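Here is the structure we will look at, set down as structure tokens.
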Amino acid sequence: MMMSDIAKDRAARSWKKRGSVSSLSSHEFQRREIHGRTKDSVSTVSYMDEPSQRDDVSRLTVQMENTYQLGPPKHFPVVTVNHILKDVLTNYLQEEEYEPELCRQMTKTIAEVIKAQVKDLVIPRYKLIVIVHIGQLNSQSILIGSRCLWDPKSDTFSSYVFRNSSLFALADVYAVYLE
Amino acid sequence: HIAFHRGCTSLQSHQQCMSCVDGVLGGEDYNHDNINQWTANIVEQSLTHLVKLGKAYKYIVTCAVVQKSAYGFHTASSCFWDTTADGTCTVRWENRTMNCVVNVFAIAIVL
């Protein structure tokens, strides 16, 4: 029992730095398909790459020094990120038709790609959340909304909607400043 | 489900969000005129309840409501943050005419 705790602690410490451990969760609703093969089934697949359990008691906390900064020295470039979103979505989805399997993989891939590109901008002390929705475009109706509780002077978001003849895709990036 | 951090369980927020969605959408059928209002209500109520938990977090709440139809829908999210301190929680709700997915992201404020 002790051994595994120590091993977990070691693993936890190596993941501790604010690193790019991606937590991917994808939710997919599979409807009655046109040939009537699958009926109204909701399949939810969640992939979470969690490093270890949270044993707060035994963990050593890292003490940070004061930076005496009141706000972010470099703000999040919303316009640049808008362009990134537009480029990624257009490149990946311009020619594609909607297919359940393809789009399932595509949502996850696109989320990862966008995250990597925004990270490359190297905006210090910002945490990122990237959300991608892909759906089949037809006469159904969908509404997606969000509200955030944060500091509007330092935190912001960016989003882009892409449409082609058979599908639509919405990509959101939320950037939160680490105080 | 695993705890966010420092005692704030995602189970709590899961239950809160579930009850918010139930309160707003329970018993209703999909209606294009009201959908704006409902989404706004769900998100605002969830946020209010989360704030009442009184933890030092910034919150992002997203809600997607889809009419049930023969067509598919996928969502995925990817996050770059401190995995020891930040967390997320998702609530899926459905009835006869629609599906609802509510995502809560909680980001720790280091005081």
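In this text, all values refer to a predicted model and were calculated from it rather than measured experimentally. These values consider heavy atoms only, across backbone and side chains, with no hydrogens, waters or symmetry-generated copies. Below, chain A is the first sequence line, B the second, and so on; all start at residue 1.
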For residues 160-176 of chain A, please give each side-chain donor-acceptor pair under 3.5 Å, one per line with the distance, not counting sequence neighbours.
{"unit_1": "A:Asn164", "atom_1": "OD1", "unit_2": "A:Ser166", "atom_2": "N", "d": "2.9"}
{"unit_1": "A:Asn164", "atom_1": "OD1", "unit_2": "A:Leu167", "atom_2": "N", "d": "3.0"}
{"unit_1": "A:Asn164", "atom_1": "ND2", "unit_2": "A:Leu93", "atom_2": "O", "d": "3.0"}
{"unit_1": "A:Asn164", "atom_1": "ND2", "unit_2": "A:Gln94", "atom_2": "O", "d": "3.4"}
{"unit_1": "A:Asn164", "atom_1": "ND2", "unit_2": "A:Glu96", "atom_2": "O", "d": "3.0"}
{"unit_1": "A:Ser166", "atom_1": "OG", "unit_2": "A:Tyr98", "atom_2": "N", "d": "3.2"}
{"unit_1": "A:Tyr174", "atom_1": "OH", "unit_2": "A:Ser146", "atom_2": "OG", "d": "2.9"}

Quiz item: Shortest non-hydrogen contact from B:Ala64 to A:His133?
Solution: CB-CE1, 4.5 Å
Quiz item: Shortest non-hydrogen contact from A:Ile129 to B:Cys79?
Solution: CG2-SG, 4.0 Å
Quiz item: Can any side-chain N or O of B:Lys58 pair as donor or acceptor with the backbone N or O of A:Tyr177 at less than 3.5 Å?
Solution: yes
Self-check item: Heavy-atom check, side chain of A:Leu149 versus side chain of B:Leu50, under 4.5 Å
Solution: no
Practice problem: For chain B, find which of A:Asp155, A:Ile144, A:Leu128 contributes the most heavy-atom pairs closer than 4.5 angstrom. | Solution: A:Leu128
Self-check item: Shortest non-hydrogen separation from B:Ser78 to A:Glu112 and the atoms involved
Solution: OG-OE2, 3.2 Å
Quiz item: Do you know which two heavy atoms are closest between B:His74 and A:Pro100, and how far apart they sit?
Solution: CE1-O, 3.2 Å
Practice problem: Could you pull out all residues at least two apart from A:Phe76 that satisfy ring pair (Phe, Tyr, Trp, His ring centres under 6.0 Å)? | Solution: A:Tyr126
Quiz item: How many angstroms lie between CG in B:Asp82 and CG in A:Leu178, if you round to the nearest 0.5 Å?
Solution: 8.0 Å
Self-check item: Atom pair CZ/SG of B:Phe105 and A:Cys148 - distance to nearest 0.5 Å
Solution: 10.0 Å
Quiz item: Which is it for A:Val132 and B:Thr75 under the side-chain contact (heavy atoms from CB on, under 4.5 Å) test, yes or no, and what are the steps along the way?
Solution: CA-CA 6 Å; A:Val132 177; B:Thr75 93; over 6 Å; no
Quiz item: What part of B:Ile60 is in contact with chain A, defined as an atom under 4.5 angstrom from a non-hydrogen atom: side chain, backbone, both or neither?
Solution: both
Quiz item: Given side chains that start at C-beta, do those of B:Phe80 and A:Lys119 come closer than 4.5 Å, heavy atoms only?
Solution: yes
Practice problem: Enter the distance from A:Leu143:CG to B:Asn36:CG here, rounded to the nearest 0.5 Å. | Solution: 5.5 Å
Quiz item: Is the NZ atom of A:Lys153 crowded by more than 12 outside heavy atoms at less than 6.0 Å?
Solution: no
Quiz prompt | Max heavy-atom pair count under 4.5 Å with chain A, selected residue of B:Val43, B:Thr39, B:Val65 | solution = B:Val65
Practice problem: With a 4.5 Å cut-off on heavy-atom pairs, point out which of A:Ile134, A:Asp151, A:Ile114, A:Ile110 contacts chain B the most. | Solution: A:Ile134
Exercise. Kindly give the heavy-atom pair with the smallest separation between B:Ala108 and A:Lys127, and that separation in Å.
Key: O-NZ, 4.1 Å
Quiz prompt | Crowding at CD, B:Glu28 (>12 non-hydrogen neighbours, <6.0 Å) | solution = yes
Quiz item: With only heavy atoms counted, which part of B:Ile35 is less than 4.5 Å from chain A, the side chain, the backbone, both or neither?
Solution: both
